[in-house]
Number of protein chains: 2
Amino acid sequence: MRFHSPAIQYFHAVRRTGSIRAAARVLNVASSAVSRQILKLEQEVGSPLFERNARGLTLTTVGEMLARHVMNVLQDLDRFRSDVASLSGAWSGTVSIACIESLTESVLPDLIASHRGRARRVSFTIEVKGSSDVLEALSRGEADIGIAMALRHPPDLRQAALKRFRLGAVVAREHPLARRKTVTLEQCLAFPVINALPELSIYHLLQPLIAQLSETPEPAIQANSIDLMRELAARGVGVAFQTQLGINRLSRDSRLVFLPLDNAGSPVWSDLGIYVRAERTLPAYTESFLQELVRELGERERRENAAHPHTP
Amino acid sequence: MRFHSPAIQYFHAVRRTGSIRAAARVLNVASSAVSRQILKLEQEVGSPLFERNARGLTLTTVGEMLARHVMNVLQDLDRFRSDVASLSGAWSGTVSIACIESLTESVLPDLIASHRGRARRVSFTIEVKGSSDVLEALSRGEADIGIAMALRHPPDLRQAALKRFRLGAVVAREHPLARRKTVTLEQCLAFPVINALPELSIYHLLQPLIAQLSETPEPAIQANSIDLMRELAARGVGVAFQTQLGINRLSRDSRLVFLPLDNAGSPVWSDLGIYVRAERTLPAYTESFLQELVRELGERERRENAAHPHTP
DNA sequence: TATAACCGTTGCCGAAACGGCAGCAATATG
DNA sequence: CATATTGCTGCCGTTTCGGCAACGGTTATA
C-alpha cells in the first residue's frame with residue numbers, strides 16, 4: 001500500500017536519520033536515488049529543504065514546514081490503513097508511547113496488560129524519557145501518545161488530559177518520619193535526602209521550594225532513577241521524593257511508606273499531562289488506548305487523592 | 001509543486017466528478033491514464049474503491065475512507081503552500097465560504113470588503129446554500145468555512161463558534177404591530193403571514209412553535225428568498241420572520257421595523273454555527289479571516305442583543 | 001601531515017512506470 | 001434500433017526511477 005510518491009518517504013527518512021546515506025540504508029535503496037528525490041523536491045518547492053553540513057543534513061525553515069506536512073500525511077495514512085483493516089477483522093497496529101518514568105511502575109504495565117488481553121494484535125512501543133524529550137519525540141512524530149509533566153507544551157501538541165497527583169516523601173517503615181500522616185519539606189531536610197537529578201521532573205518541582213527555604217540543605221545522594229531512589233529509601237539511606245503514582249507497588253511493598261508533602265499548609269501537586277500531536281487524527285486502536293489511559297489516570301487521581309485527602 | 005503521486009490527484013478528481021472520463025477532461029489527460037491509476041490504487045489497497053455503475057462511479061466504504069485521507073492530504077498541502085508563500089511576501093490564496101442567506105446582507109460583504117482592503121491577494125469564493133448543504137459542502141472539502149444554522153453537525157466538522165441571534169418579525173412601518181416593542185407568535189398569526197419554505201432554516205425554527213399553538217394559522221404566502229419576503233413585508237403584504245442579522249439594512253430601510261419574537265415569555269433564538277473540517281489545519285490567511293468572522297459575529301451578537309434586551 | 005571514513009552529488013544505463021491512441025463491450029437514452 | 005457515453009485494455013513512445021561506480025569535499029585519527 002504505497003500510493004505516496006517516493007519523494008515523501010525519502011524526505012521523511014532523511015529528516016529522521018539526518019543523512020542521505022543513512023536514510024538510503026534504512027530504505028534499502030541506493031543513496032543516489034535518495035539524493036535525487038531530495039533535489040527534485042527542492043526544485044519543485046523552489047527553495048532548499050536542507051542545509052548541507054559536512055556531517056549530514058539539517059532542515060531549513062521551509063524544510064521544517066514540509067516536514068510538518070509530510071508528518072501529517074504519513075500519520076494520516078497510518079490512520080487510513082487502520083480504518084481499512086478494522087473493516088475486515090480485528091484491530092492491528094502499534095501504539096507508540098513516550099512517557100516519564102513515574103508511569104512504568106504500575107500504570108502502564110497494568111493498562112497494557114489489560115488492553116492486550118482484549119486486543120491481541122495491537123502491539124506497543126514504550127520509550128521512557130525526560131518530560132521535555134517526551135514532548136519533543138511527540139513533535140517529531142516518533143511517538144503517538146506522550147505522558148509528561150505538564151509544562152508549557154508547544155502549539156503543535158494537544159493536551160488530551162491533565163491529572164494532578166500529590167508529591168510526597170518516601171521513607172523506610174522504620175524511619176522517624178514514618179509515623180506522620182504528612183510531612184513538610186523542612187521536616188524532610190532534617191534527614192539525609194535522596195535528590196533527583198535535573199533530568200527527572202521531580203527536580204524541577206522541588207527545586208523552587210527548596211530555594212525558598214532559608215537553610216541550605218545538607219549534601220545528599222543524587223540519582224536519576226526513581227527505582228534506585230526508592231530502593232535506597234527502603235534501605236533507610238534517606239528520604240526520597242516521588243509522585244504518588246506507584247501506589248500499588250508502595251502498598252504492596254511493606255518496607256516503604258508514602259507521606260504526602262505539605263508546603264505552607266497546602267499540598268504540592270505534580271501535574272501530569274497526556275499529549276498527542278494536534279494536527280492528527282489517531283487510528284482507532286490508538287484512540288481507544290488513549291481513552292483507557294485517561295480514564296485510568298483519572299481513576300487513580302480520584303483514588304489516591306481520596307486516600308490522602310488534604311485537610312487544612 | 002506536485003510532489004504527490006498522480007494516483008492521489010486522479011482519485012480526488014474522479015470522486016468529485018463522479019466519472020473517470022469527466023475527471024480526465026478536468027485533468028487534461030487521457031481517460032485511460034486515469035482508469036489505470038484508479039485500478040492500481042484499488043490493487044494496492046486490496047479492495048475496490050468505486051462501484052461501477054453504467055453511468056459513472058460511486059464510492060464504496062473503503063473509497064470513502066480513502067477520500068477522507070486524500071482530502072486531508074490535499075488540504076494540508078494547500079496549507080503548506082500558503083505557509084511557504086507567506087515566508088517570502090504577502091499572503092495569497094482563496095478562501096472558500098459556504099453559508100446560508102442571512103449573511104449575504106451585511107455581515108459577509110462588510111467583512112470581505114474590509115479584509116480585501118488589507119490583504120489584496122486573498123480572493124474569495126462564496127456559495128449560498130441551505131444549512132444542511134453547507135455542512136455537506138464542508139464535509140466534501142468544497143468549502144473552507146461554513147456558516148449555517150447550528151443543527152447537529154457530523155463528527156468530521158468542528159464548530160469554531162456558536163452565536164445566537166433573536167428571531168423576530170419584520171413588518172412595514174404602517175403595520176398595526178409596528179408600534180410594539182416585541183411580539184408573540186399568536187399576535188403575528190392574527191395577521192397575514194409570509195412563511196419560509198422548508199429549505200430555509202427559519203422554517204425549522206418556527207414550525208415547532210406554530211405546531212404548539214391550538215389555532216391553525218390562516219393560509220399565507222410562502223417563499224424561499226429572504227430578500228423577497230422582506231420586500232413583501234415592506235409592501236404591507238404581511239408579517240415576515242427573520243433573524244436579526246440584517247440590522248444595518250433594516251435600520252437604513254425606513255420602510256421596515258424589526259420586532260423580536262417572544263414565545264411563552266422568553267426570546268426565540270436562532271443559533272448560528274461557524275464550521276470547519278475537524279481534521280484540518282487552515283492556511284494562515286483562512287485562519288485569519290475565520291478569526292475576524294467570529295469576532296465580527298460576536299460583536300453583532302452583543303450589539304443586537306443590547307439593542308433588544310430581553311426584559312421579562 | 002598523511003590516511004581513512006563519511007558525506008552528497010553526478011553520468012551512465014537498464015528497468016519500471018506513465019500517458020496517449022484507438023478500439024472493445026456494456027449500458028443508458030432517444 | 002441508432003446513438004452516445006461509460007470503463008477498460010493492448011500497443012507503443014516517453015518519462016521517471018534506481019543501481020553502480022566514481023568524484024570532490026570535510027572530519028577524525030594516526
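Residue numbers start from 1 in every chain, and the chains themselves are labelled A, B, ... in the order their sequence lines are given, proteins ahead of strands.
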A:L135: which residues meet the side chain to side chain contact (heavy atoms under 4.5 Å, CB included) condition with it, sequence neighbours left out? A:A148, A:L151, A:H153, A:P154, A:L157, A:Y275
Taking only residues two or more places apart in sequence, or in another chain, which ones meet A:R140 in a side chain to side chain contact (heavy atoms under 4.5 Å, CB included)?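 Once residues adjacent in sequence are excluded, the partners of A:R140 under the side chain to side chain contact (heavy atoms under 4.5 Å, CB included) criterion are A:R15, A:E136, A:E142.
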A:K40 atom NZ is separated from C:dA17 atom C1', nearest whole Å, by 13 Å
Quick one: B:Q43 CD to C:dA17 C1', roughly how many Å, whole number? 13 Å
Tell me the side chain to side chain donor-acceptor pair (under 3.5 Å) pairs involving residues 121-134 of chain B, sequence neighbours left out?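 Matches after skipping sequence neighbours: B:T94-B:S123.
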Just to be sure I understand the rule, does A:Y10 reach a base, reach only the sugar-phosphate, or reach nothing, if contact means heavy atoms closer than 4.0 Å? sugar-phosphate
Take the C1' atoms of the five end pairs on each side of the helix from C:dT1-D:dA30 to C:dG30-D:dC1, get both axes, and report the angle to 10 degrees. 30°
Residue pairs passing the salt bridge (charged side-chain N to carboxylate O under 4.0 Å, His left out) test where at least one lies in residues 65-92 of chain A, sequence neighbours excluded: A:R68-A:E279, A:R68-B:D83, A:D76-A:R79, A:D78-A:R81, A:R79-A:D83, A:D83-B:R68
Taking only residues two or more places apart in sequence, or in another chain, which ones meet B:R52 in a salt bridge (Lys or Arg N to Asp or Glu O under 4.0 Å)?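 With sequence neighbours excluded, B:R52 shows a salt bridge (Lys or Arg N to Asp or Glu O under 4.0 Å) to B:E42, given in chain and number order.
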All N/O pairs under 3.5 Å across the protein-nucleotides 8-11 of chain C interface:
{"from": "C:dG8", "atom 1": "OP1", "to": "A:I20", "atom 2": "N", "distance (Å)": "2.6"}
{"from": "C:dG8", "atom 1": "OP2", "to": "A:I20", "atom 2": "N", "distance (Å)": "3.3"}
{"from": "C:dG8", "atom 1": "OP2", "to": "A:R21", "atom 2": "N", "distance (Å)": "2.9"}
{"from": "C:dG8", "atom 1": "N7", "to": "A:R21", "atom 2": "NH1", "distance (Å)": "2.3"}
{"from": "C:dG8", "atom 1": "O6", "to": "A:R21", "atom 2": "NH1", "distance (Å)": "3.0"}
{"from": "C:dT9", "atom 1": "OP1", "to": "A:R52", "atom 2": "NE", "distance (Å)": "2.9"}
{"from": "C:dT9", "atom 1": "OP1", "to": "A:R52", "atom 2": "NH2", "distance (Å)": "2.8"}
{"from": "C:dT9", "atom 1": "OP2", "to": "A:S35", "atom 2": "OG", "distance (Å)": "2.9"}
{"from": "C:dG11", "atom 1": "O6", "to": "A:R36", "atom 2": "NH2", "distance (Å)": "3.3"}

For A:S31, the side chain to side chain donor-acceptor pair (under 3.5 Å) test, sequence neighbours excluded, returns none
Side-chain donor-acceptor pairs of residues 57-64 of chain A under 3.5 Å, sequence neighbours excluded:
{"from": "A:T58", "atom 1": "OG1", "to": "A:N53", "atom 2": "ND2", "distance (Å)": "2.6"}
{"from": "A:T60", "atom 1": "OG1", "to": "A:P48", "atom 2": "O", "distance (Å)": "2.9"}
{"from": "A:T60", "atom 1": "OG1", "to": "A:L49", "atom 2": "O", "distance (Å)": "3.2"}
{"from": "A:T60", "atom 1": "OG1", "to": "A:G63", "atom 2": "N", "distance (Å)": "3.1"}

Taking any atom under 4.0 angstrom from a heavy atom of chain A, which nucleotides of DNA chain D are the first and last to qualify, 5' to 3'? D:dC17 to D:dT27
Given that A:Q37 and A:A54 both sit by DNA chain D, which one's nearest nucleotide is further toward the 5' end?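 The residue whose closest nucleotide sits nearer the 5' end is A:Q37.
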How would you list, by chain and number, every residue that makes a ring-ring contact (aromatic ring centres under 6.0 Å, His included) with A:Y285, sequence neighbours excluded? none
Which residues share a ring-ring contact (aromatic ring centres under 6.0 Å, His included) with A:F11, sequence neighbours left out: A:F50
When rounded to the nearest 0.5 angstrom, what is the spacing between CG in A:L200 and CG in A:N195?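 One finds 11.0 Å between CG of A:L200 and CG of A:N195.
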